[in-house]
Number of protein chains: 2
Amino acid sequence: MSRSKGRQLDTKAQLLTEAETFARQRGFDGFSFADLADNAGIRKASVHYHFPAKADLSLALIDHYREVFMDRLHQITATETTASARLLQFVDLYRQASEGGRSLCLCVALSVTQSALPTDSTAALAAFHRDVIGWLESVFRLGGRDGSIRQISDPRAEAQATMAQVEGAQIMARAAGHPARFEAGIATLVGRTV
Amino acid sequence: MSRSKGRQLDTKAQLLTEAETFARQRGFDGFSFADLADNAGIRKASVHYHFPAKADLSLALIDHYREVFMDRLHQITATETTASARLLQFVDLYRQASEGGRSLCLCVALSVTQSALPTDSTAALAAFHRDVIGWLESVFRLGGRDGSIRQISDPRAEAQATMAQVEGAQIMARAAGHPARFEAGIATLVGRTV
DNA sequence: CGCTGTCTACCATAAGGTAGGTAATTTGAT
DNA sequence: ATCAAATTACCTACCTTATGGTAGACAGCG
């Protein structure tokens with residue numbers, strides 16, 4: 001691995017991380033290429049070298065987020081054996097993403113701005129949701145078998161409801177500016193684990 | 001009622017309505033004073049006459065939204081007697097606001113952009129949530145008494161969870177670009193009504 | 001040499017906002 | 001009832017800064 005190549009990857013990855021943070025805290029329209037450049041200590045034109053247009057950035061952002069997030073879900077599947085443990089770990093992912101109301105899941109943040117995004121990005125956004133809901137469905141299916149989650153009707157319905165609940169809980173925590181609101185929003189969900 | 005005064009109120013109200021639509025479809029950073037002006041058929045400077053700065057607009061927006069929304073909730077209380085009927089009407093409010101994924105509750109849309117809003121607006125946003133959750137809590141309390149909603153643990157927890165669920169369902173419908181996702185996100189909630 | 005990653009310098013447009021003017025009304029004192 | 005003063009709701013014209021984006025140069029490295 002050459003130094004130059006290493007530096008490129010580092011810079012691009014750093015820009016992506018910064019952009020993610022900005023987008024999740026302020027929304028996709030809430031930061032500019034100049035913000036990214038300032039933060040990374042390079043010039044605006046250099047940011048455009050890595051991401052020609054903001055549309056490209058949005059796509060890279062959601063693709064990267066999706067990849068990292070699904071990796072984490074797979075890791076949960078690998079390390080936790082009961083449905084309840086998996087569900088609690090899942091909720092914890094959103095709890096962390098919420099950062100006490102300071103931040104949101106990228107997916108939630110981008111959904112609001114959606115109309116300004118290119119078709120590729122909205123498709124990736126939809127795919128992210130599909131994948132996560134699919135994973136959750138398998139958790140609830142397991143929960144029906146191992147009995148570690150109470151009152152499961154339809155696993156798919158439960159998966160979709162859960163997704164809605166954790167995303168909504170993030171919004172509530174943000175609106176209230178208080179981490180406790182996130183906990184309150186998901187309490188009925190957590191209360192069902194055995 | 002003089003003609004001039006009538007016209008002023010009309011224009012201001014129209015601007016507010018337009019701004020609400022824009023904010024809910026594109027987020028608060030997704031439209032400009034120029035957009036509002038074009039849409040209302042007046043000049044940008046005239047928009048500034050009604051709302052000096054965008055911060056003023058954000059506050060007017062959320063205040064108005066809160067007023068209208070709470071009115072609707074009170075109307076539901078006045079016309080529906082069972083907790084289940086009230087809950088279903090509440091969900092319908094969010095279903096309508098979702099507009100098949102094209103729009104969001106103003107509160108959800110503004111929460112994302114929150115960091116760019118003045119303190120007054122974020123306070124009003126928090127107050128909106130507080131009020132709605134309070135109303136929902138009373139519905140679940142009634143549900144415990146009249147038995148029209150199943151499996152109620154703590155009314156306050158249920159209220160917060162419900163709020164999270166309907167808001168999250170809107171985000172999901174938007175991300176999927178499909179009204180059915182909203183229904184899927186709230187199905188477990190609706191399924192509990194008797 | 002050719003590629004990578006950065007730079008300076010630029011550009012057009014859009015953004016939020018202000019200054020000052022004007023026609024039509026409304027108000028208030030005579 | 002009438003007339004001046006104030007107010008309302010709009011206008012044109014302008015300003016500053018930010019924004020997304022491009023062109024072209026240059027240093028370092030394989």
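Lettering follows sequence order; numbering is per chain, from 1.
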Could you give the [atom1]-to-[atom2] distance, from [X] to [N], as a whole number of Å?
X	N	atom1	atom2	answer
A/K12	C/dT6	NZ	C1'	15 Å
B/Y49	C/dG21	OH	P	18 Å
A/K54	D/dA18	NZ	P	15 Å
A/F33	D/dT17	CZ	P	23 Å
B/L57	C/dA15	CG	P	14 Å
B/F51	C/dT18	CZ	P	16 Å
A/H48	C/dA12	NE2	C1'	13 Å

Partner set under side-chain contact (heavy atoms from CB on, under 4.5 Å) for [X], not counting sequence neighbours:
X	result
B/R156	A/R181, B/I133, B/E137, B/D154, B/Q160
A/E20	A/R24, A/L61, A/H64, A/Y65, A/L106
B/H74	B/M70

Using only heavy-atom distances, determine whether the side chains of B/D92 and B/Q96 contain a donor-acceptor pair under 3.5 Å. yes
If we count only N and O atoms by modelled type, under 3.5 Å, do the side chains of A/T79 and A/Q89 hold a donor and an acceptor together? no
Using a side-chain heavy atom cutoff under 4.5 Å and only I, L, V, M, F, W and Y, what cluster partners does A/V68 have? none
Which residues end up grouped with A/L142 if you chain together Ile, Leu, Val, Met, Phe, Trp and Tyr wherever their side-chain heavy atoms are less than 4.5 Å apart? none
Looking at B/S32, I'd like to know whether one of its side-chain N or O atoms comes within less than 4.0 Å of OP1 or OP2 on C/dA15. yes
Nucleic acid contacts - residues 34-45 of chain B versus DNA chain C, non-hydrogen atoms under 4.0 Å: B/K44, B/A45
Within residues 20-31 of chain A, those residues having any heavy atom closer than 4.0 Å to DNA chain D are A/F31
Residues two or more places apart in sequence or in another chain: which of them pass side chain to side chain donor-acceptor pair (under 3.5 Å) with A/T162? none
In a table with atom names and distances, give each donor-acceptor pair under 3.5 Å that connects a side chain of residues 110-119 of chain B to protein atoms at least two apart or in another chain.
residue	atom	partner	partner atom	Å
B/S111	OG	B/C107	O	2.7
B/Q114	NE2	A/R174	O	2.8
B/S115	OG	A/Q25	O	3.4

